Number of protein chains: 2
Amino acid sequence: MSTIAKAMHLLNTLADMRTEPGLTDMATASGMDKATTRRMLVELARFGFVEQDAFTRRYRLGSAPVRLARIREQRYPFASIVAPFARELVATTGETVHVSEPAGDRLATVHVEMSDYTHRVIIDPGQLLPLHATASGLAYLSTLGPAELEATFATPLTAFTAATATSTDQLRERLNEGRRLGYCISEGGYEAGVMSAAAAILDAKGRARGTIAVAGPAMRVDRAKLEEFGAHAAEIARSIERALWGTQKTGQDRHGRTEWMTAERSKTRAISQS
Amino acid sequence: MSTIAKAMHLLNTLADMRTEPGLTDMATASGMDKATTRRMLVELARFGFVEQDAFTRRYRLGSAPVRLARIREQRYPFASIVAPFARELVATTGETVHVSEPAGDRLATVHVEMSDYTHRVIIDPGQLLPLHATASGLAYLSTLGPAELEATFATPLTAFTAATATSTDQLRERLNEGRRLGYCISEGGYEAGVMSAAAAILDAKGRARGTIAVAGPAMRVDRAKLEEFGAHAAEIARSIERALWGTQKTGQDRHGRTEWMTAERSKTRAISQS
DNA sequence: AGCTAGGGTTCAAATAATGAACCAATAAGC
DNA sequence: GCTTATTGGTTCATTATTTGAACCCTAGCT
């Protein structure tokens, strides 16, 4: 395991904690040695990624991510541009909407707009979602070319609920359906009782830059409603694309090849999702 | 140099770039070997901290910081709570206002509210500010106890302009002035022609959690105006403190000792700013 | 006063990072 | 259309960093 991976793992562990942990908590939760944990925390603190409360000696996320997030959003706005569209989707569907971006081999939720219902799906901003088990993840996968999909098929597909697609065939079937409809659905595939539909947000070259998903409780949302939500999500995704990149959308690069064809052609590879 | 430090350095380098760099650009800018640079970028990409454009092969900041920033702001709101106060300060002073948080041995600008003047000070969100040369930095330093100040005095004080305080005595003098007035000023100490005044935002225990600063062009802002701005900034800082932590503010821990006294007493130290 | 738990530290052993030289593909020049 | 320069990406013996069991220190408890 690379040192950076360990540091990132520690950061993720800290992000997942419900309450501010002490050194021992962090070591336990991350499964690393106390000395290692501390060295890393100190180093991360030097750069503002974590902070230690001077009095309680507990650790928390620092301000550096806030700073980097500002820079990222300024150069490459996504969360901020997408927010009003997410609100619009909440207005038309009545259910909670979340927007995610690819981050390594998962999707990072970067924006959430809550439903007004008292009984609603609650999504933590910042949650990391698996690709094969969520509507968002499926929508993302459905835009990838065969070469890029291999990495996902190569890893074991965790079953989060009975409805999770765990076989390669099942997964392929769902992706094909998604490509046909323009959106993907998950009927409790990640958490039982949570129905969701999602569409990918593509860039000018046809690559998925993120996803937008509607999620509601099974009690209120049935298959028919889910299909309706999916269509709305796909529609909003198109609007978001226009807002982000104007109206032109080719799906091909300047050589007239589609993007994943280029990726397959060359031997030296760009960083792949693994 | 630790591996984490190198990775963070790379992230900062990427954040400072005005345009999306290629691998060679990154290696040159960071002063690291090409192989090392690439290994780190790949590893950082795995966790979504950087992204590589699949077509141009150039690198950019990823979405992971956006995700972590959401979590941080949810648990420990600062940028979001402070924003309306910053706007208020722009309204009363007419000049650009920025809010920063300590991040390692510098301050990270986490929020900026621009002046309405055409000729105004422009501050990039996400900029890292040195402690000894900016009004914000001085305001921050002026809240520290002698033990914590040592680290700053130990490092050489870079002269950014002729007005930068570069001697320990000069710096001490400015900090004393700051403690007396409740705000610090910088007359072009970081960038010539930029006048600024800043006040620290303290937590319930009297530790600086951030700073709020007003900055205007020397053409329009003289010493007298700066003092006025400083007083306003200090006033707003008190309002921010009330919004963040209610009305009680002791400046002492539960043993009745001030925080830095505690820090001095113990031999094993909390993570210090160095 | 003694005990316990958690934060923090040490140093020989184990592991990961390094970078000069390399290949491959694209872009620039002729 | 061919040659060269540039840039992205990779390799592997060498080198430097990271590791963790055992340790110390302080605060809080009985």
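Note on naming: letters A, B, ... go to the chains in the order of the sequence lines (proteins, then strands), and numbering restarts at 1 for each one. Computed over heavy atoms, backbone and side chain alike; hydrogens, waters and symmetry mates excluded. This one's a predicted model, so the numbers in the text were calculated from it and none came from an experiment.
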Determine to 10° how strongly the helix from dA1(C)-dT30(D) to dC30(C)-dG1(D) is bent, judged from the axes of its five-pair ends.
40°

At their closest point, which heavy atom of His9(A) faces which heavy atom of Ser30(A), and how far apart are they?
NE2-O, 3.0 Å

For nucleotides 10-20 of chain C, 5' to 3', base contacts (B), sugar-phosphate-only contacts (S) and non-contacts (-) with protein non-hydrogen atoms under 4.0 Å give B-----SSBBB

Please determine if a side-chain N or O atom of Arg38(A) lies less than 4.0 Å away from the OP1 or OP2 oxygen of dT9(C).
yes

Exam field: side chain Arg58(B) to backbone Glu20(B), donor-acceptor pair closer than 3.5 Å
yes

Could you tell me whether the phosphate oxygens of dG9(D), OP1 or OP2, come under 4.0 Å of any side-chain nitrogen or oxygen in Tyr59(B)?
yes

Which atom of Thr168(B) lies closest to which atom of Leu157(B), heavy atoms considered:
N-CD1, 4.4 Å

Looking only at side chains, do Arg209(B) and Tyr76(B) share a donor and an acceptor under 3.5 Å apart?
yes

Heavy atoms of Leu171(B) and Ala165(B) approach each other most closely as N-CB, 4.3 Å

Does the side chain of Ser2(A) come under 3.5 Å of the side chain of Glu43(B) through a donor N or O and an acceptor N or O?
yes

Do Leu44(A) and Met8(B) come close enough that some side-chain heavy atom pair is under 4.5 Å?
yes

Rounded to the nearest Å, what distance is computed from the CZ atom of residue Arg58(A) to the C1' atom of nucleotide dA27(D)?
14 Å

Among residues at least two apart in sequence or on other chains, which ones pass side chain to side chain contact (heavy atoms under 4.5 Å, CB included) with Thr19(B)?
none

